[in-house]
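Please read the structure below before turning to the comments.
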Amino acid sequence: MLSNRIDELKKSLVEYTSHIENMISLSIKGLLKKNGDVLDRILDMEDAANRYEMDIEDDCITIIAQFQPMAKDLRSILTILKMSNDLERMGDHAVNLSQHSSYIIEKEQIKPFVDLPRMADLTINMVKNSINSFLKENAALAEDVLKADNAVDDLRDSIVRELIACMIDDSRTVERALRLIEIARNLERIADLATNIAEDTIYVVRGKNVKHNVDK
């Protein structure tokens with residue numbers, strides 16, 4: 001039955017999301033704990049992330065061809081397909097996080113990490129809540145994700161300002177500071193992708209397009 005196949009797709013989406021959350025979390029954990037072994041695991045996890053994305057894409061195409069779904073069922077399948085692509089891009093950013101972190105942990109720390117762990121926690125929660133909002137058809141939870149994106153942006157701006165000040169004060173910190181800025185930017189991009197998922201959820205649930213504040 002079509003409904004059973006869609007339920008299986010959603011289960012795969014949950015597993016994929018959990019995998020991506022772990023990649024992001026381990027990337028930050030490796031940085032904060034200065035643990036290169038943890039960071040090295042991310043590359044192995046990338047292969048599994050890519051397999052999830054390909055399997056979900058194949059399943060979506062097969063279901064559409066087999067059942068020719070319409071209306072809400074078709075929208076759900078196409079949304080899952082797009083979300084899978086967003087998750088794959090999050091995985092790419094998690095790899096970037098681990099690579100920059102691998103450089104940072106070999107150097108003297110510029111300053112204590114304060115905003116970065118908070119930014120990472122917010123971002124991971126956004127990923128989790130964006131998918132949950134779709135699975136539960138909870139537009140209010142999706143709207144919470146949109147609001148959290150502003151907090152992530154604020155933390156990124158704060159981190160960038162502090163690191164620019166460090167570079168101005170001591171040119172020897174430039175490479176380390178730039179790497180940390182890239183870490184913040186990759187987290188911000190993951191948050192943007194979670195926002196995309198939340199916006200898609202609002203459209204599926206309410207038929208309301210909130211991208212670029214457009215109401216269609």
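Only heavy atoms go into these numbers, but all of them, side chains included; no hydrogens, no water, no symmetry mates.
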I'd like to know whether N22 forms a side chain to side chain contact (heavy atoms under 4.5 Å, CB included) with S18, so could you lay out the CA-CA distance, the side-chain angles of the two residues, the decisive distance to 0.1 Å, and finally the verdict. CA-CA 6 Å; N22 285 335; S18 177; 4.1 Å; yes
Please assess L180 against F113 for the test side chain to side chain contact (heavy atoms under 4.5 Å, CB included), listing each intermediate value before the final yes or no. CA-CA 10 Å; L180 288 169; F113 295 127; 3.7 Å; yes
Yes or no on side chain to side chain contact (heavy atoms under 4.5 Å, CB included) for L146 and I202, after CA distance, side-chain angles and deciding distance? CA-CA 11 Å; L146 304 188; I202 292 171; 3.8 Å; yes
Kindly indicate, with the supporting measurements, whether the criterion side chain to side chain contact (heavy atoms under 4.5 Å, CB included) is fulfilled by V145 and E199. CA-CA 9 Å; V145 174; E199 290 171 342; over 6 Å; no
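D86 has a carboxylate O that lies under 4.0 Å from a charged side-chain N of K82, or vice versa, which qualifies the two as a salt bridge.
Listed by first then second residue, pairs satisfying ring-ring contact (aromatic ring centres under 6.0 Å, His included) with a partner in residues 52-96 read Y16-Y52, H19-Y52, not counting sequence neighbours. Within the structure, ring-ring contact (aromatic ring centres under 6.0 Å, His included) pairs that include any residue of residues 164-189 do not occur (at least two apart or interchain). Residue pairs meeting the ring-ring contact (aromatic ring centres under 6.0 Å, His included) criterion with at least one partner in residues 141-188, sequence neighbours excluded, are absent.
More than 12 heavy atoms of other residues, nucleotides or ligands shown are found within 6.0 angstrom of NZ on K111. Around atom NZ of K147, no more than 12 heavy atoms belonging to other residues, nucleotides or ligands sit under 6.0 Å away. The 12-atom threshold is exceeded at CD of Q66, counting heavy atoms of other residues, nucleotides or ligands nearer than 6.0 Å.
Listed here is the closest heavy atom pair of L2 and P69: CD2-CB, 3.8 Å. Of all heavy-atom pairs spanning M83 and T201, the tightest one is CE-OG1, 3.6 Å.
Going from atom CG of N96 over to atom CG of N186 covers 4.5 Å, rounded to the nearest 0.5 Å. Of the inter-residue distances, the one linking N132 atom CG with D144 atom CG reads 12.0 Å to the nearest 0.5 angstrom. I104 contributes atom CD1, which lies 5.5 Å from atom CD1 of I183 (distance to the nearest 0.5 angstrom). If you take CG on L97 and CZ on R185, they are separated by 13.5 Å, rounding to the nearest 0.5 Å. Distance CG/D40 to CG/L26: 11.5 Å, rounded to 0.5 Å. Atom CE in M90 sits 5.5 Å away from atom OG in S130 (nearest 0.5 Å).
Inter-residue side-chain proximity for I6 and K10 is flagged as met; some heavy-atom pair is nearer than 4.5 Å. No side-chain heavy atom of S27 sits less than 4.5 Å from a side-chain heavy atom of L31. The side-chain heavy atoms of E175 and K107, taken from C-beta on, include no pair separated by under 4.5 Å. Side-chain atoms of M119 and L122, non-hydrogen and from C-beta on, never get closer than 4.5 Å to each other. No side-chain heavy atom of R161 sits under 4.5 Å from any side-chain heavy atom of I164. Inter-residue side-chain proximity for D149 and M126 is flagged as met; some heavy-atom pair is nearer than 4.5 Å. In this structure the side chain of R41 never reaches within 4.5 angstrom of the side chain of M23, judged on heavy atoms. Residues V38 and K33 are not in side-chain contact: their nearest non-hydrogen atoms beyond the backbone lie 4.5 Å or more apart.
Remark: V114 pairs with no residue by the side chain to side chain contact (heavy atoms under 4.5 Å, CB included) rule, at least two apart or across chains. Residues satisfying the ring-ring contact (aromatic ring centres under 6.0 Å, His included) criterion with F134, sequence neighbours excluded, are absent altogether. Legend: residues meeting side chain to side chain contact (heavy atoms under 4.5 Å, CB included) with D115, ordered by chain and number and at least two apart, are R118, L155, S158, I159, E162. For R51, the salt bridge (charged side-chain N to carboxylate O under 4.0 Å, His left out) test picks out no residue, with sequence neighbours left out. With sequence neighbours excluded, no residue satisfies salt bridge (charged side-chain N to carboxylate O under 4.0 Å, His left out) with E15. Applying the side chain to side chain contact (heavy atoms under 4.5 Å, CB included) criterion to I124, with sequence neighbours excluded, gives E21, I24, S25. Take R189 and apply the salt bridge (charged side-chain N to carboxylate O under 4.0 Å, His left out) test, not counting sequence neighbours, and it matches no residue. Considering only residues two or more places apart in sequence or on other chains, D170 meets the side chain to side chain contact (heavy atoms under 4.5 Å, CB included) condition with R172, T173.
Side chain of S76 to backbone of K72: a donor-acceptor contact under 3.5 angstrom is found. Judged purely by atom type and a 3.5 angstrom limit, S12 uses its side chain to pair as donor or acceptor with the backbone of E8. Between the side chain of N129 and the backbone N or O of N125, at least one donor-acceptor pair lies under 3.5 Å. S98 places a side-chain N or O within donor-acceptor distance of the main-chain N or O of V95, the cut-off being under 3.5 Å.
No continuous path of ILVMFWY side-chain contacts below 4.5 Å connects I131 to Y203, so the two sit in separate hydrophobic clusters. Tracing side-chain contacts under 4.5 Å through hydrophobic residues (I, L, V, M, F, W, Y), one reaches I168 starting from I181; they form part of the same cluster.
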Name each donor-acceptor pair under 3.5 Å that joins a side chain in residues 56-65 to protein atoms two or more places apart or in another chain, with its distance.
residue	atom	partner	partner atom	Å
T62	OG1	D58	O	2.9

